[in-house]
Amino acid sequence: MPYLSGKETVKEIRRALSNPNIQSDPLRYRNTVLKVIRAMSQGVDVSDLFSEMVKACATVDVVQKKLVYVFLCSYAHLNPELSLLVVNTLRKDCLDPNPMVRSLALRSMTNLRLPSLVEYVEQPLTAGLRDRAACVRRVAVLGWAKLHNLQPGSEIDATVVNELYSLLRDPDPVVMVNCLRALEEILKEEGGVVINKPITHHLLNRLKECDIWGQSEVLRVLQRYRPQSEDELFDILSLLDSSLVSPHPPVMAATLCLFLSLCSSLPAVSQAALERVRGSLLAACGSGSREMRFTALCHIQLLLRSVPGLLGEHYKRFFCSYAEPAYIKRRKMQVLVELVNDENVVMILDELKGYCTDVNTDTAQAAISAIGRIGRSYSDKCLEILTGLLGLKRDQITSAVVQTLCDLVWVCPQCSDTVSLALEGCEEVLQDSQGKQALLWLLGMYGERVSSAPYTLETFIDGVRSEASLEMKMELLTSTMKLFLCRPAETQDMLGRLLHYCIEEERDMCVRGQALLYYRLLHCGIEETRNVLQGRRSDPSMGVLIGRPTEPINRWVSSFNTLEPLKHCSVETESASRGSPEHLASIPKPNTDLPDKLDCRQLEIVHSEEQLTIWELNFRALNVPTSVQIAKFIKQ
Amino acid sequence: MMISQLFILSSKGDHLIYKDYRGEAGSDVVNIFYEKVTALTGDQPPVVMSHKDLHFVHIRQGGLYWVATTTADSSPFTITEFLNRLSALVKDYCGSLSEKAVQMNFALIHELLDEVLDYGYIQTTSSDILKNFIQTEAVSSRPFSLFDLSNVGLFGAETQQSKVAPSSAATRPIQSSRDQGGKSEIFVDVIERMSVVIGSNGVLMKADIEGEIRVKCYMPSCSEIRIGLNEEFSVGKSQLRGYGAAVRVDECSFHQTVQLDEFDSHRILRLCPSQGEQTVMQYQLSDDLPSAPPFRLFPTIERDSAGRLLMYLKLRCDLPPKSTAINVSASIPVPKGSVSLSQELSSPDQSADLKLQSRAVVWQIPRCSGGTQLSALFKLEVPGLSSASMLEVGPVGLSFELPKLTATGLQIRFLRLSPIHPSTSQRWVRYVTHSDSYVIRI
């Protein structure tokens with residue numbers, strides 16, 4: 001009845017529900033009830049039919065009963081008074097000879113979520129715990145958890161808790177696991193269910209009886225256990241070994257988590273566990289479900305933070321297949337960057353090169369920046385690919401390459417010769433402001449060696465009036481200033497025009513301030529300006545920051561097997577490249593004006609990665625990273 | 001670790017099923033989810049999204065969104081695996097997975113959801129246990145069609161001789177057989193996914209095969225089946241290969257219900273399948289294919305005097321002569337700015353299109369038998385074609401299906417039921433290899 005409005009549908013159904021002819025025909029009655037649920041699923045408000053549905057629940061037809069209960073559980077909170085009428089039927093059903101009807105009634109009764117009904121529910125729940133049928137006990141156990149959460153702050157009934165503890169020994173594994181779950185909820189204030197030695201051993205012994213969901217749950221709870229002796233610990237570990245290589249990712253992940261928390265003081269054992277789990281994780285990466293692939297990839301990234309060499313020889317498993325969605329490809333590339341070593345670098349670069357011209361621009365950009373990351377350790381090969389890509393003259397590719405080059409020379413200044421040669425002609429292709437900004441920065445840095453640099457800048461300066469981006473203007477100012485220092489004759493006139501525009505006509509405060517600063521700086525004389533603008537990029541000890549040390553496992557173990565690793569847009573995958581010696585050697589002159597006490601304070605900052613990115617950003621934005629400013633930044 | 005709400009949305013955002021297990025958040029989260037998932041940009045990973053302290057985990061299956069809301073400390077492995085299992089259950093019970101099937105069977109799905117989860121905790125997903133609780137009959141969304149009678153032989157007799165199972169045979173609800181007196185059947189499918197990279201010099205750079213044996217059981221009471229694999233089947237790299245056609249995989253894992261006591265000696269799997277579909281065995285093989293990769297491509301790419309891009313492609317099918325590949329489709333990325341395409345194909349059943357959206361020429365070949373060679377000449381009009389933009393041609397992605405063939409050579413020697421069922425039960429063994437990703441660099 002798509003052409004009827006919601007109200008008319010409800011009216012129509014109500015008429016049918018109260019029609020005695022329909023009520024006496026079980027099949028038609030059931031179909032009418034079905035219509036109600038269908039309307040409910042489609043989002044029609046059928047709460048008005050509550051009283052008719054209450055009547056419909058007194059039936060012997062189990063299917064109809066189930067349907068009515070679905071309805072009642074959804075709308076009970078709107079009609080607490082009428083719901084009282086249902087309770088009698090439900091309580092009668094709890095005594096039904098058919099265990100399926102008993103469990104259904106008990107579950108529905110606890111799902112009504114009405115605090116006013118608690119007193120009627122307690123008695124059938126108590127009886128349910130001792131029911132003959134396991135399916136009723138399962139429902140009853142969780143029912144107590146529901147009841148407890150309905151009355152926040154109420155006293156915990158000690159007899160119920162005791163009964164639940166004793167039901168941990170129930171022959172049905174689902175009842176056992178449900179008891180754990182219920183106790184965790186009821187005793188939340190006290191830190192959850194008590195995990196002592198007898199309970200732990202009991203749970204471990206029965207682990208094999210549970211299905212994979214139960215196993216994961218038990219393994220999770222056991223993380224709280226601390227073995228009393230080393231012997232006990234190793235007994236537990238060897239018992240769990242088969243779960244560690246389980247083909248089911250949930251069990252594998254939960255077991256690994258338990259292993260890592262049990263062995264937090266034994267790094268060698270943790271390491272061995274990570275290696276043991278490698279096969280299952282790789283299998284999950286090739287799973288048919290792309291969501292599972294993604295989950296596994298995100299967790300592999302965590303593992304690699306501590307054991308970078310774990311998967312080096314399996315790099316081919318992380319090659320993208322062309323039908324995969326972009327978000328998986330991106331993660332795979334991030335992993336590939338981490339796996340690079342002397343043996344596989346050629347193959348990996350060859351593969352990444354193929355992605356650079358991908359139709360999906362996100363994928364293409366990710367591939368280009370991945371090559372840039374690898375370039376920190378293998379600069380020659382990567383520069384060859386990157387400069388080759390510039391030849392395509394495609395705006396998005398060029399933009400991504402120029403930005404990547406920018407990052408690369410920042411870390412590896414020895415690449416600057418190749419980079420400055422490649423820059424000619426890029427300005428004609430670039431369209432977006434990030435790409436242009438990167439180009440400007442490079443021209444400012446290496447303008448001496450790019451013959452067309454002044455002309456490129458002049459084009460930008462001529463168009464500055466129509467430039468909307470604030471960052472572009474700031475970058476343009478700085479680059480022109482820097483270029484002026486090395487090529488004064490060609491640049492003097494345009495710098496004058498630019499400064500005049502920025503000080504007199506520009507409306508943005510930041511640009512104006514920056515221009516004034518430069519203007520005054522120039523008044524202090526060319527030597528002073530040079531000292532400020534072309535000062536040393538950073539002090540030698542910063543070279544260490546490039547390589548990321550392997551992290552201890554306990555840094556990430558708390559987020560393993562949670563949603564955390566999947567949430568971030570892109571984990572900052574600082575490549576594990578080693579701080580290149582050339583880089584350290586290229587630092588021009590020893591620093592004289594660095595305060596002595598800086599060293600020790602700097603070490604503190606090195607610890608935090610976020611801080612590092614802020615640092616980089618600050619340097620890039622200000623472009624005057626003298627040691628004076630570093631000191632200032634630290635004092636803040 | 002619990003699921004607070006669970007809902008199924010169509011790709012257009014229609015609410016198909018909504019179930020609130022814990023009453024912790026309102027139903028308005030459904031719309032919040034849909035807004036979020038449609039607003040994602042390409043570089044944001046979609047699987048997990050959060051809204052305040054509520055987290056959405058979702059999968060896409062059958063064109064639908066299967067979404068669970070949960071807390072931050074839940075295991076993503078468990079929830080994704082559960083959602084996958086749930087969609088498989090729904091598929092088993094409804095026969096197929098689509099918006100229509102879900103809409104028509106909403107009562108059954110509600111019933112399933114009630115049994116599978118209680119208070120947000122997973123109770124069971126085994127179809128053996130569930131079948132005792134599920135009462136609603138499935139409504140099959142497949143309309144009656146004369147074509148379905150095609151497997152009924154002359155004079156209405158069942159064609160026992162027919163060796164090919166109808167493709168629709170395995171897409172029916174598992175429970176319909178119980179009451180309609182339908183056939184009791186068992187399907188054993190060997191499905192392999194192949195992912196291959198062939199370098200521009202023709203060298204095989206990567207070859208991975210992920211395979212699985214799937215059992216789909218429509219027998220109301222099946223006590224035990226025995227599946228015999230090739231006797232020379234070996235696992236792991238260390239074992240020496242003798243002469244002859246040994247079948248080797250690197251790793252394999254089995255479903256927990258599989259009895260392996262006869263596996264080491266006779267390569268026999270014993271199991272008692274539950275109704276519906278289950279993956280009995282999974283295996284992988286990397287880098288060492290027993291036979292040549294099924295397709296090779298020999299491209300010649302040049303610019304003609306009129307400034308057009310000429311692509312002459314020869315595709316050779318290296319399958320054994322009696323095998324065929326079907327639904328072959330080659331996608332050749334072409335330079336940006338390509339305007340139009342003219343083509344010469346080696347036979348009339350092939351077709352080719354220039355897809356501007358994906359910047360590629362797609363060459364469709366409905367059928368290609370082993371040992372044959374196909375060729376195609378594409379002329380592309382590309383204004384401003386430069387030698388640099390020629391680099392944008394390639395790599396070629398190939399997708400295809402190889403029916404009745406496994407790339408590893410794995411075969412089912414026999415499939416025995418015990419106790420021996422009456423003749424009404426039918427056993428089907430099917431093989432297929434899909435191209436997961438088949439890339440040929442140019």
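In what follows, every chain begins at residue 1, and chains take the letters A, B, ... in the order their sequences are listed. The structure displayed is predicted, hence computed values, not measured ones.
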Q) Stepwise, does the salt bridge (charged side-chain N to carboxylate O under 4.0 Å, His left out) test hold for Arg293(A) with Asp436(B)? A) CA-CA 14 Å; Arg293(A) 280 189 203 193; Asp436(B) 193 27; 3.7 Å; yes
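For chain B, the option among Met292(A), Arg113(A), Glu324(A) with the highest count of heavy-atom pairs below 4.5 Å is Arg113(A). If you tally non-hydrogen atom pairs under 4.5 Å between each of Val30(B), Thr125(B), Val196(B) and chain A, the highest count goes to Thr125(B). The most heavy-atom pairs under 4.5 Å with chain B, out of Thr361(A), Leu104(A), Asn149(A), come from Asn149(A). For the options His77(A), His248(A), Glu291(A), heavy-atom pairs under 4.5 Å to chain B are most numerous at Glu291(A). Listed options Met40(A), Lys316(A), Glu217(A) were ranked by heavy-atom pairs under 4.5 angstrom with chain B; first place goes to Lys316(A). Each of Ser75(B), Pro76(B), Ser253(B) has some count of heavy-atom pairs under 4.5 Å with chain A, and the biggest count is that of Pro76(B). Highest contact tally toward chain A, considering only Glu81(B), His15(B), His55(B), is held by Glu81(B) [criterion: heavy-atom pairs under 4.5 Å]. Ranked by heavy-atom pairs shorter than 4.5 Å toward chain A, the options Met205(B), Arg85(B), Gln61(B) are led by Met205(B). The choice from Val57(B), Asp20(B), Ile17(B) that makes the most heavy-atom pairs within less than 4.5 Å of chain A is Asp20(B).
Of the atoms belonging to Ser195(B), not a single heavy atom falls under 4.5 Å from chain A. Residue contact with chain B, scored on non-hydrogen atoms closer than 4.5 Å, involves the backbone and the side chain of Arg38(A) alike.
A salt bridge is defined here as a Lys NZ or Arg NE, NH1 or NH2 lying under 4.0 Å from an Asp or Glu carboxylate O, and Glu351(A) with Lys206(B) fails to meet this definition. Salt-bridge formation is not detected for the pair Arg220(A)/Glu184(A): no Lys NZ or Arg NE/NH1/NH2 atom is positioned less than 4.0 Å from an Asp or Glu carboxylate oxygen.
Aromatic ring pairs are classed by plane angle as parallel below 30°, tilted from 30° to 60° and perpendicular above 60°; the pair Tyr75(A) and Phe71(A) is tilted.
Tested against Asp118(B) for a salt bridge (charged side-chain N to carboxylate O under 4.0 Å, His left out), the candidates Arg107(A), Arg138(A), Lys146(A) yield a single pass: Lys146(A).
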